[in-house]
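Okay, structure first, notes after.
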Number of protein chains: 2
Amino acid sequence: MSEPRFQAVVADDHAIVRSGLRAALESPGLVEPAGIKVVAEAADGLSAIAAIRQNRPSLLLLDVQMPLAGGLEVLIEARRWSPETRVVVLSGVTSPGKIGELVSCGVDGLFSKGEDNDELFGALPGILRGRRHVAEVFRRMLEEAPAVPALSERERQVLNLVVAGRSNKEMAQVLGISAKTVDRHRTNLMQKLDVHSVAQLIAYALREGLIAPTSGL
Amino acid sequence: MSEPRFQAVVADDHAIVRSGLRAALESPGLVEPAGIKVVAEAADGLSAIAAIRQNRPSLLLLDVQMPLAGGLEVLIEARRWSPETRVVVLSGVTSPGKIGELVSCGVDGLFSKGEDNDELFGALPGILRGRRHVAEVFRRMLEEAPAVPALSERERQVLNLVVAGRSNKEMAQVLGISAKTVDRHRTNLMQKLDVHSVAQLIAYALREGLIAPTSGL
DNA sequence: TTCAGGATGGGGTGAATCCCCCAATCCACC
DNA sequence: GGTGGATTGGGGGATTCACCCCATCCTGAA
């Protein structure tokens, strides 16, 4: 029995997913006779980064949505501390915005949790040899999806506050600008995103994952 | 080697979770020497119900959030078509409202995906013998959480439309009532939920899972 | 049978919204 | 040096929202 040459770190906030991935990766014959050895698991973004720095594995299997740090942040940190690690992201929700960001940040693999795992495990050997693979679903999504307009820093701040339920006046106070300017940003925002009410604005923001979901009432 | 006496159906929209649960359930020694046989998997609520009707298993392992039918609907249908099936629900998100509903509908087991699986698998033998087990996290949550005010049917409809970004006038048209009445419901809604703006209303609704997240812009 | 509560509407008021108009500053880019 | 974008701010107006007041109708529980 040969030694596994590849090591992997698995990061997901659900213990069941981690054990499922571990079982699949370590099953013999996937990439090489001995399978891929999972050297560490992480339940949140920060421990994932720590695990990467410590182990510098060949592969990182990573959920997009995690506590403490999202998939994108982990990807960037992983690139910084362990450039040779192939990073494969699993996405539960499918927001065109996030997917686009991940692709443009250069993930090595991008797969959907909803679909069959065959595409993932079929592509893994190639990915470990340096290829890239974005799941069929996401490739179609990126082609069809209307590009999400780029938001300026201020607009993003305003959007966050709107989602948090603040009024123009409150936002003006928080941001230290005139209420009229807040209104201006809000108007531009709604024009950019092609919505026509706070409710639609919030719906859009949450759907696209444009804002941090840590909105304290 | 003894035959497995228990059969299970596993329902989750993520293939990885299903295979992880299958592996764990079928591992020998969990409940009895041969483990629990997973006779069917389902990726959405309707197939879960179909699988229950067809197999009438001893155990149903069920995700709360699924396409086509949620965990609660599947629970109710499972009770109807196969009352002897023990229903165990796994919850990814932790909204006090949904948890309370599930408990009051009489789930046999309720566990969090985020926590360790030890509590689940430790409690499984008891559950199969007729006991009930609600995860520690959720029991504390139900004690501490401020009771979610009961919403009337109309109020729930209005809430859905508000989240979908409709104006009072549009809602009036959809519901076939006066815009003034819509406003009345909306006012009552905000008073009940102790919020003071659309944004907070939407935030509350999404947080508590009071509404279906299938809001088409 | 009374009575509470839900659903239905109308009137009205003050605030906030959505969206036009206008202008100034700053800063990066060609 | 010009050009465009982001950010800042003001005026104004039509609409909507948030929240009071009032009433009627109906259903189910006490």
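Here is how names work: the chains are called A, B, and so on, in the same order as the sequence lines, proteins then strands, and each is numbered from 1.
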Sorted by chain and number, sequence neighbours left out, side chain to side chain donor-acceptor pair (under 3.5 Å) with A/Arg22 holds for A/Glu26, A/Glu41

The side chain to side chain donor-acceptor pair (under 3.5 Å) partners of B/Ser58 (sequence neighbours excluded) come to none

For B/Ser82, the side-chain contact (heavy atoms from CB on, under 4.5 Å) test, sequence neighbours excluded, returns B/Ile52, B/Arg56, B/Glu84, B/Thr85

Residue set satisfying side chain to side chain donor-acceptor pair (under 3.5 Å) with A/Gln65, at least two apart, ordered chain then number -> none

Those residues at least two apart in sequence (or on a different chain) that pass side-chain contact (heavy atoms from CB on, under 4.5 Å) with B/Glu73 are B/Ala69

From CG of B/Leu201 across to C1' of D/dC19 the rounded distance in Å is 15 Å

Side-chain polar contacts of residues 121-138 of chain B - donor-acceptor pairs under 3.5 angstrom, sequence neighbours left out - could you list them?
from	atom 1	to	atom 2	distance (Å)
B/Arg132	NE	B/Val107	O	3.4
B/His133	NE2	B/Glu119	OE2	3.1
B/Glu136	OE1	B/Arg139	NH2	3.3

Separation of C/dC19 atom P from A/Leu189 atom CG, nearest Å, is 12 Å

Does D/dC17 have OP1 or OP2 under 4.0 Å away from a side-chain N or O of B/His196?
no

Sorted by chain and residue number, the side-chain contact (heavy atoms from CB on, under 4.5 Å) partners of B/Ala43 (sequence neighbours excluded) come out as B/Arg18

Problem set entry | Salt-bridge contact B/Lys113-B/Asp12 (side-chain N to carboxylate O under 4.0 Å) | yes

From CE of A/Met190 across to C1' of C/dC20 the rounded distance in Å is 13 Å

Query - pair B/Ser112-B/Leu90: side-chain heavy atoms closer than 4.5 Å - result: no

Taken to the nearest 0.5 Å, the spacing of A/Gln191 CD from A/Arg186 CZ works out to 15.0 Å

Protein heavy-atom contacts under 4.0 Å, written 5' to 3' over nucleotides 7-12 of chain D as B (base), S (sugar-phosphate only) or - (none), form the string SBBBBB

Between CE of B/Met171 and C1' of D/dC17 the distance, given in whole Å, is 10 Å

To the nearest angstrom, the CG-P distance between B/Leu159 and C/dA7 comes to 13 Å

Is there any protein nitrogen or oxygen under 3.5 Å from a nitrogen or oxygen in nucleotides 25-28 of chain C, and what are the pairs?
none

Rounded to 10°, the helix from C/dT1-D/dA30 to C/dC30-D/dG1 deviates from straight, judged by its five-pair end axes, by 40°

Residue set satisfying side-chain contact (heavy atoms from CB on, under 4.5 Å) with A/Arg154, at least two apart, ordered chain then number -> A/Ser152, A/Gln157, A/Leu175, A/Ile177, A/His185

If you measure from the Lys or Arg side-chain nitrogens to the Asp or Glu carboxylate oxygens, is any gap between A/Lys192 and A/Glu155 under 4.0 Å? yes

Taken to the nearest 0.5 Å, the spacing of A/Leu75 CG from A/Asp108 CG works out to 8.0 Å

Between the protein and nucleotides 14-16 of chain C, list the N/O to N/O atom pairs that are separated by less than 3.5 angstrom.
from	atom 1	to	atom 2	distance (Å)
C/dA16	OP2	A/Lys169	NZ	3.1

